[in-house]
Amino acid sequence: MSIEKKPTAPSLEPFKKKLEVIQRRSFLKKSLSIGALSLLSGCTLKDEDAVDKILWAMSQWNDRVQSFLFSPDKLAKTYTEAEITNPFPFNAYYEEIFAPIVDGENYRLALSGKIEDKKSRSLEDLRLLPQISQITRHVCVEGWSAVGKWGGVPFHLFLQYIGADITAKYVGFQCADKYWTSIDMQTALHPQTLLVLDFPGKSGETKYGFPLKVRIPTKLGFKNPKFVTEIFVTNDNPGGYWEKQGYNWFSGS
Amino acid sequence: MLQKTPSNRTINHRRIIHPLFVRITHWINAYAAIAMLMSGMRIYNASPLFEFKFPAELTLGGWLAGALSWHFAVMWLLVINGIAYLLYGIFSGHFIRKMLNIGAISAYRNIKLEMKYLLLHGTGEYNVIQRLLYVLVIWDVVLLFFSGLALWKPVQFQRIADFMGGYEQARYIHFYGMVILGLFILIHVSIAFAVKGTIKSMFTGRLTKSQIAKLERN
Ligand code: HEM
């Protein structure tokens with residue numbers, strides 16, 4: 001199942017008179033203040049819409065509430081080998097056949113932002129760090145979930161190793177498939193957040209994010225980037241591919 | 001216990017039959033519950049549990065991100081308003097007076113007699129069917145609240161998720177809760193429109209002229 005991806009704003013199909021009135025009023029204001037020119041220029045005026053504004057404000061409020069509810073040492077439930085979902089579902093903003101295939105030999109992880117040691121890292125470099133593996137439930141924003149096993153470097157150790165400024169607010173990820181996302185530092189330091197080198201699926205299968213993925217059992221699936229090519233630490237919220245289209249940024253579990 | 005027939009007792013037709021607090025929270029709740037239901041159906045459609053989807057026209061949000069934004073915004077309205085209503089209902093005696101006197105036992109003892117009162121309406125009291133439905137839907141919203149928390153925060157609210165039988169099980173519970181809510185709204189709203197004056201008096205708090213006239217004819 002792939003995420004429905006109509007790039008439209010949340011539909012404002014009004015279901016109550018009140019909303020219709022608000023919309024009509026804001027439409028009127030729009031027309032009066034901006035004039036027909038902006039309509040002719042193809043501007044959608046999305047941000048002008050009163051309902052949209054309220055929904056965005058509420059989403060930001062929910063970011064704050066979730067960050068407050070997040071407890072750094074509460075662990076996601078782990079499962080047994082027998083409970084693993086097989087085959088593990090593939091999901092991305094594109095069809096499975098378009099999943100990038102990255103050459104692991106020449107792969108280098110780029111590091112930028114508030115990091116002391118920005119030297120790019122090869123897969124062998126990362127293999128030298130302590131490795132763990134865990135079986136957790138991946139919960140998709142669409143509602144379905146699946147249990148999978150991921151192995152690699154605890155992300156907080158990795159951040160320590162590269163000298164990341166852990167007082168910074170955000171960690172951002174760029175991916176080989178042009179996907180990007182970002183998480184809060186609290187979540188980045190969570191003991192179960194993992195820099196993944198071992199993936200679900202058969203050996204040699206690359207579609208689950210080879211060569212590098214970040215697995216975050218305390219976040220929804222789309223906050224778990226695959227095919228990661230760059231990691232950066234910053235104080236400016238980098239947003240993300242889905243986040244900028246209206247999905248809640250924090251999206252914690 | 002059931003009340004006597006209207007003719008057996010004196011009725012002050014001018015009195016407030018719906019307290020102001022109930023009227024305000026009711027209409028806020030109606031708005032919020034319907035928005036939750038409609039956006040919930042769109043969220044369901046993104047990954048259906050069964051072999052069907054809800055018609056898009058019945059849903060709110062336009063696409064998954066929009067529906068989730070609605071759902072997670074309106075949930076605050078539903079919950080804050082719901083808590084206010086519950087506190088009022090419990091501490092003012094409103095629930096005891098108007099809903100919890102379900103009289104199931106006496107109804108069972110003498111069904112024939114009770115049938116006369118069962119559908120009685122317009123005295124400012126709820127009939128037995130109404131009381132049962134209202135108590136049911138209040139518990140249903142409580143269930144939706146807790147199963148919703150389990151889905152929203154299966155890690156942070158692990159205890160609730162475990163109580164629901166895990167994340168996947170919570171999805172089914174939340175879904176069935178929504179079905180019950182949908183059926184309630186369907187029945188409740190049809191009856192409200194069918195029985196003259198009830199909707200108006202849910203705004204004004206008082207019986208309408210036609211209701212009074214009808215009562216006096218009895
Ligand atoms: C547009 C939709 C709605 C309409 C027109 C409507 C109408 C009414 C009316 C007329 C009454 C008073 C009944 C009487 O006088 O006998 C009432 C009471 C009630 N309704 Fe609704 N309603 C709506 C939506 C809802 C929803 C969505 C819920 C719950 C999720 C709900 C729950 C209740 C409850 C619990 C009561 C009893 C209130 C009390 O006395 O505490 N209603 N409704």
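Quick caveat, the model's predicted, so the values are computed rather than measured. Naming: A, B, ... by sequence-line order, numbering from 1 per chain.
- Of all the listed residues (A:Thr218, A:Asn62, A:Asn248), the one sharing the greatest number of non-hydrogen pairs under 4.5 Å with chain B is A:Asn62.
- With a 4.5 angstrom heavy-atom cutoff, A:Leu220 does not touch chain B via any of its atoms.
- Of the residues considered (A:Ala57, A:Ser251, A:Ser59, A:Gly252), A:Gly252 shows the highest number of contacts with chain B, using heavy-atom pairs under 4.5 Å.
- There is no side-chain donor-acceptor pair under 3.5 Å between A:Asp184 and A:Trp249.
- Using a 4.5 Å cut-off between heavy atoms, B:Tyr44 makes no contact with chain A at all.
- Only the side chain of B:Glu168 comes within less than 4.5 Å of a heavy atom in chain A; its backbone stays farther off.
- Proximity to chain B (any heavy atom under 4.5 Å) is shown, for A:Ser145, by both the backbone and the side chain.
- For the pair B:Lys98 and B:Phe95, the cation-pi criterion (under 6.0 Å, within 45° of the ring axis) is not fulfilled.
- For B:Tyr167, the part sitting under 4.5 Å from any heavy atom of chain A is the side chain, from C-beta outward, and nothing else.
- Of the options A:Phe88, A:Phe199, A:Phe155, a ring pair (Phe, Tyr, Trp, His ring centres under 6.0 Å) to A:Trp150 is made by A:Phe88 and by none of the others.
- Judged by the 6.0 Å and 45° rule, A:Lys219 forms a cation-pi pair with A:Phe250.
- Ion pairing of A:Lys223 with A:Glu243 is present here, as a side-chain N (NZ or NE/NH1/NH2) and a carboxylate O approach within less than 4.0 Å.
- A side-chain N or O of A:Arg215 and one of A:Thr136 form a donor-acceptor pair less than 3.5 Å apart.
- When each of B:Phe72, B:Trp152, B:Phe157 is checked for heavy-atom pairs under 4.5 Å with chain A, B:Trp152 comes out on top.
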